[in-house]
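Accompanying notes for the structure given below.
We number each residue from 1, following the sequence as shown. In listed order, ligands and their atoms are each counted from 1.
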Amino acid sequence: MEKDQSYRPRFHIQPPQGWLNDPNGSVWYRDRYHIFFQYSPDSPLGSGRKCWGHYTSPDLVHFTFEGISIYPDHPLDQNGVYSGTAWVTDQGLELYYTGNVKHPGNYDYINEGRGHNVLRVKTEDGYHLSEKEVLLENKDYPGDLSCHVRDPKIFEEDGWIHMLLGARSRDSHGGLLLMKSKDRDHWEIEREFFPDDFGFMLECPDYFTIDGQKVVAFCPQGVDTDDWHYQNIYNSGYLFLSQEISAASDETLRKEINTRDFREWDYGFDFYAPQTFETPDGRRILIGWAGVPDVPYGNGPSIEEGWQHTMTLPRELSLRNGRLYSLPVRELEEARSRKLSWDKEHERLDSTCLDIVVSADAAGKSLHLQINEDLTFTVDGKSKMASLTFLNDTGAGRSSRKAKLEASEGFRNARILIDRCMIEIFLNDGELAFTSRYYPADKTGLSLSIEEPYAVECYEVGDTITIS
Ligand code: FRU
């Protein structure tokens with residue numbers, strides 16, 4: 001008998017079965033978006049083969065699952081086709097990724113026993129791939145690095161093609177490795193950089209320019225929680241650079257890449273390993289994995305349905321008030337299928353796939369919003385702290401997360417996207433975001449209460465994911 005699938009989201013990218021983690025190689029190529037992702041089809045716990053799954057989309061709203069794109073079938077990726085990136089050339093699309101190898105034996109798998117290689121496949125149509133080419137192996141990286149060197153991001157700067165990789169040094173400091181090439185076949189070491197205090201490993205680096213501002217992004221592992229910063233076991237965020245990363249001195253990088261200025265993309269329980277890409281009309285889009293590795297909370301109810309994890313909605317980035325704001329892509333409004341009425345006396349909405357907009361008048365400063373007996377989302381007008389708190393076990397071990405509205409006076413608006421077991425909250429036009437999974441008992445609707453007399457618009461969102 002088909003397992004119950006009632007927690008499956010209707011408008012978020014998800015694995016047809018098994019496990020999903022990082023988005024990979026997201027790109028607009030020949031009339032559509034391609035979103036690849038870390039996919040373990042064999043188990044919702046993530047064991048078994050680690051492949052690249054593949055979705056396409058004409059508009060960043062409707063997504064079609066295209067099957068498995070890359071299997072771990074090469075000696076240098078036999079234990080996983082790990083994260084990577086896409087690069088468009090005049091000849092076609094190139095996909096670069098980390099081939100993971102675990103040598104059998106009694107190794108620590110940090111300084112010994114593991115291979116992290118860079119492989120590439122090419123494709124003209126986005127679907128049919130060339131033979132795999134091995135571009136780099138551990139012996140090609142600087143000798144002070146451990147075996148953990150992964151997640152290539154390709155970009156062009158200063159007449160070179162550069163590859164940015166996340167790394168762990170042999171003495172367990174997180175760092176970045178830059179390689180460079182003229183022809184993308186032969187790569188040389190350009191520079192390594194180890195910022196202070198960013199823990200033992202940096203994963204999934206990214207580098208891009210938005211409105212002339214250079215941005216470097218990565219996921220540090222091993223940074224201690226500091227009040228509302230670094231609340232999850234591993235975190236992801238970005239920093240502004242005043243110069244091109246390939247040209248900046250070590251001193252400049254050391255000044256600018258520091259734990260104080262690092263801004264997290266999202267302050268919820270479930271956000272990690274995002275990547276950005278550009279739309280044909282020049283917007284910078286961020287998609288993250290709505291999950292984090294090694295967390296003490298879980299997704300038991302979705303595992304029972306045979307799948308685990310989703311992607312976040314694609315988010316449009318904009319540079320404002322010295323930081324990056326993020327909001328669901330504007331195209332998502334097309335997926336609103338029905339307007340629902342809500343008022344303070346009749347709080348129930350008869351759907352759990354919702355797009356809710358709460359707006360304050362100019363005087364609005366605080367917010368107290370509650371969904372069922374499950375969770376509250378509040379903003380304190382005085383301290384400007386926003387908090388997401390689970391009140392019962394629908395959070396499957398998730399407790400409370402908070403962040404400060406540093407760029408605004410208090411609460412102005414919130415956009416809340418709920419998709420069965422997924423909630424994404426965007427505060428003040430995207431100054432802060434909170435993404436979390438949760439498993440409400442009532443699957444037919446929810447009760448939304450808001451203490452203040454703010455304007456509330458509610459829409460149901462329709463199905464946008466096709467898995468045939
Ligand atoms: C981040 C990550 C990457 C790695 C991939 C493996 O979540 O650990 O560093 O390439 O997942 O699935």
Any protein N/O atoms within less than 3.5 Å of an N/O atom in ligand 1? List the atom names and distances, or say none.
residue	atom	partner	partner atom	Å
ligand 1	7 (O)	Asp22	OD1	2.8
ligand 1	7 (O)	Asp22	OD2	3.3
ligand 1	8 (O)	Glu203	OE2	2.8
ligand 1	9 (O)	Arg150	NE	2.8
ligand 1	9 (O)	Asp151	OD1	3.4
ligand 1	9 (O)	Asp151	OD2	2.6
ligand 1	9 (O)	Glu203	OE2	2.9
ligand 1	10 (O)	Ser83	N	3.1
ligand 1	10 (O)	Asp151	OD1	2.6
ligand 1	11 (O)	Asn21	ND2	3.3
ligand 1	11 (O)	Asp22	OD2	3.2
ligand 1	12 (O)	Asn21	ND2	3.0
ligand 1	12 (O)	Gln38	OE1	2.6
ligand 1	12 (O)	Lys50	NZ	2.9

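For the pair Glu203/Phe218, no side-chain contact is recorded, criterion being any heavy-atom separation below 4.5 Å from C-beta on.
Tyr230 pairs by the ring-ring contact (aromatic ring centres under 6.0 Å, His included) definition with Phe262, not counting sequence neighbours. Here Asp144 pairs with nothing under the salt bridge (charged side-chain N to carboxylate O under 4.0 Å, His left out) rule; sequence neighbours left out.
Listed by first and then second residue, the side-chain hydrogen bond (donor to acceptor under 3.5 Å, both in side chains) pairs involving residues 132-143 are Asp73-Lys132, Asp77-Lys132, Arg120-Glu133 (not counting sequence neighbours).
When the shell of 6.0 Å around NE2 of His173 is examined, it contains 12 or fewer heavy atoms from other residues, nucleotides or ligands.
Ring orientation note: the planes of Phe65 and Phe37 are tilted relative to one another, at an angle of 30° to 60°.
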